[in-house]
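Chain A is the first sequence line, chain B the second, and so forth, proteins listed ahead of strands; every chain is numbered from 1.
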Amino acid sequence: MTTTRRREPAPRYDAAAVEPAIYERWLASGAFAPAVSAPRGARRFVITMPPPNVTGALHIGHALTVIVEDVMIRYHRMRGDDTLWVPGVDHASIGAQFVLDKIIAEEGESRATLGRERYLERMWQFMDSTRDVIGLQLRRLGASADWGRNRFTLDEQSARAVRVAFKRLWDAGLVYRGEALITWCPRCRTTISDLETIHRDETGTLWTIRYALADGDGSISVATTRPETLLGDVAVAVHPEDHRYRALVGREAVLPFLGRRLPIIADAAVQREFGSGAVKITPAHDPNDYAMAKRHELAAINVLDEEARMNENAGEFAGLDRYAARQEIVERLRASGDLQAEQSHQMVVGRCERCGTVVEPRLSVQWFIRVKPLAERALASVTQGRTAIMPPHLAKVYAHWLENILDWAVGRQLWWGHRIPAWFCPDGHVTVSDAAEGPHACAECGRPAGELNQETDIFDTWFSSALWPFSTLGWPDETPDMARFYPTTVMETGYDILFFWVARMMMMGLFCTDVEPFRIVYLHGLVRASGGVKMSKTKGNVVDPLDLVDEIGADALRFALTIGTSPGHDQRLTQAKVDGARNFANKLWNVARFVLGSQPDSGATPSGDASVAERWIRSRLAEVVERSTAQLEALDLAGYAATAHEFAWSDYADWFVEMAKVELRREGASQGERARVWATLAGTLGDLLRLLHPLMPFITEEIWSVLRDAAPSLTDGEELLLTAPWPTPGPRDASAESEVSALTALIRDVRNLRSESGVAAGTWLPLFVAVTGDAQRSAIERGIGYLEPMARVRPVQFATSDQRPALVAATPLGAAWLGVEAAEVAAGVAAGVEHDSSERRARRVVELRAAIDRLRTLLGNASFVERAPVTVVGKERARLAELEAQLRQLR
RNA sequence: GGGCGAUUGGCUCAGUCGGUUAGAGCGCACGGUUCACAUCCGUGAGGUCACUGGUUCGAAUCCAGUAUCGCCCACCA
């Protein structure tokens, strides 16, 4: 469906009818890609888009990301900066396998039945169907990314970057392999990082279990929340200064079921107050115990397999699931009388962020990256200001994490991802190679490649993500893109992945390229549902951005999310906000309809001096352009949105258009004068469209195309608003601003008077005006033309300051007086005031009478004031004092 | 246990360097049948700026403390 130039555009803006064709025009223009070479003297502005997960459906968080970035990108493109926005998708190892596992389960298959190779084939096949989906969805939001540079974290360029980066780390001695207790998800069957573990307070049970002493003389009791792990116990520990147990240290306890002898050791890490004061030591399944076992040179015994079932070390319990084993063990201990206590217990439980399964500490051999030296540089970059974090307070959070960082366990026992480029030779040598085909021979003993076996672990997804800002530009090659666009300008992403991603990009960026990968980190917040609660599928309060696009249009969604965004702070997306945004789009549509529909047919050359209203709107525009520009430069997008919104609705539509109507419809206006007013109307609209384009690209582009046809000279003949220049602020006009602000205040006062006194809407009010000087006189005279139709008053008399004004209306001019004379109006006012029974009215009557009394005194002309009943406009007491002061001056 | 953020009309949020009468949108009340728009226009009511103390000629804003809510980090079995 193509949009046509309807002669009579619909009164309601229909986004769905307009948006798709416009996006096609943008794409066809090729303007999303930067020019072949950078414009001379241009600033660089580059964003690498955070790659959404390849399997993920678009959610509101993606929408916020892409909208915020698109606003920045479009602004800089219009500024003429050398602008690039690189899009891409992430292979998301765990996430993708989680999704695919579910799919193949429905087909009756599993990882085990398919095997690695067929599983990966199946995954690539699945990718074919999902890989482009999210990009297409982002386009519906208007994302003006350079799709020609679209990238995938698992494509060959990325693979190469991963190999080279890892090889360099290896060569620098920053990679090691070692046994460690890592966090394991028994359902995903892989290592996960602490960051991927959700720690929550949960209620569990604390069991107290009696272990007999080996010499048959007494027993010692230990407390545990995980009785099944006792099968892996290697010792019992007490505090060295705990007098209760001093005699037992050095003796042995007997492990139930297995009969293993457990030395009773003393270690200061034991908390005397907790439980019985004695703790079982299970090095393979608890980090504290592991550390303690190392201190006491005790071996670890692993009793769980990769799916958290008891393994062969668990004796008769082998094969049981951990929870089944727990129950069985508790029952048996209870039966034997060795279960001494059982109490409900508040504890912290770690669960896999992906699947919610309770994680297990697991002893295994892992690849680690020694991150301390990398972290130090990453920290210095921020503390020394080479990279700024917005909001600034998150820099402290960033610093705290980097200062306490632990080595990065970078291997994952998964299949979908970059396989670690390390080969083992039968003699145990390790060869790391960055060649696509792997090493030719063992680096240490020279055995041929055929005898080497590659590591089966893959990299943590975040390893390839950490290289993203430069792997997307061709690194490790010194490509033209690297030279021209790196380092990037802004890294815009959610604060929830500050550690996962941002910190790691900083570390790897500095290590690989010796420069900070971006100048500014802009961290947006979460989009929450109405009550401030998180959106979640289980709560059913998830807002689908594409539904909103269908409903209100991409522009309105963009406006709604931008007006609420502030770095580091969450925002709520409420129906009211959505409605407001839709209404704003509609307002723009209609004001444009008016402007385009009011073009004089004469084709006359504009003539005459600009009216005060014209001078005013130009001056306002100048200010607004200046402010918006400053706000966009400072990445204050919400401020920019508010500035532009206020100007469009209040200044332009509510005031200037109304004033322009007066001028366009004034009898006796020449064709040239009308043409001039229209040119201001349309020209201002043109600049407003430029101003709003980064925020609401579709509707502004659509209006632009019509405006361009109607008035090519006003739009500089620019074919596409997308690439039209950002407006430059013109000169301010202080006198026009003060005249119009006086005028609008006067109009408001008259409307107030009418509203408060109940004078019928259609009634003309006579107006007396007294002025204190020529400047004000001419200001009022210029304004009178607008005052008549806009306030429904008719000037009856001009008075100079020595004449007595009748009734009072305060305005910033300080000397405009409004008089109501007509008998019927007076009666109406009196009746309205006297007979209203409400308390508020009653209070007002008192105040009005007081005001009248004072005016009487001041004016010294009681009869005149009585004849023309007085209503004081405005804000009662303070205002009245002001009036009195002015009156005194007048006399 | 540490750290961070928030607290401004009924709701959602602005508020610049400390400076005149603290703003906006929504909601509410009242009024509006004119050819851009009722997804509209006009007018109005409504705020002790969480609390306490301090600095200052002057505090929503700076400092200290308190409260409530939220988030992040942290190995007590």
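- At B/C41, one or more side-chain N or O atoms of A/K587 fall inside 4.0 Å of OP1 or OP2 (strictly under the cut-off).
- Rounded to whole Å, the separation between the C1' atoms of B/A77 and B/A64 comes to 40 Å.
- Taking the ring axis of A/F594 as reference, the NZ or CZ atom of A/K661 stays within 45° of it and closer than 6.0 Å to the ring centre.
- Evaluation of atom-type donor-acceptor distances gives no pair under 3.5 Å for the side chain of A/E646 against the base of B/A14.
- Note on A/D233 versus A/K280: salt bridge recorded, some NZ/NE/NH1/NH2 to OD/OE distance being below 4.0 Å.
- B/A22 and B/U68 have their P atoms separated by 31 Å, with the value rounded to a whole Å.
- Taking the P atom of each, B/G3 and B/U66 are spaced 12 Å apart, rounded to whole Å.
- The CD1 atom of A/I192 lies 12.0 Å from the CZ atom of A/R351; values are rounded to the nearest 0.5 Å.
- Spacing between B/G10 and B/C4 at atom P, rounded to whole Å, works out to 32 Å.
- Across all strands, A/A653 comes closer than 4.0 Å to base atoms (heavy-atom distances).
- Side-chain atoms of A/R12 and base atoms of B/U39 include a donor and an acceptor less than 3.5 Å apart.
- Figure legend. B/U7 is base-paired to B/A67; pairs are counted as Watson-Crick or G-U wobble with both atom distances under 3.5 Å.
- Counting non-hydrogen atoms under 4.0 angstrom, A/H569 reaches the backbone sugars and phosphates but no base.
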* Evaluate the criterion side-chain contact (heavy atoms from CB on, under 4.5 Å) for residue pair A/Y211 and A/S221; output intermediate values, then yes/no. => CA-CA 6 Å; A/Y211 288 4; A/S221 297; over 6 Å; no
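- Rounded to whole Å, the C1' atom of B/U55 lies 29 Å from the corresponding atom of B/C69.
- The nucleotide whose nearest atom lies closest to any side-chain atom of A/N288 is, among B/C76, B/U39, B/C41, B/C76.
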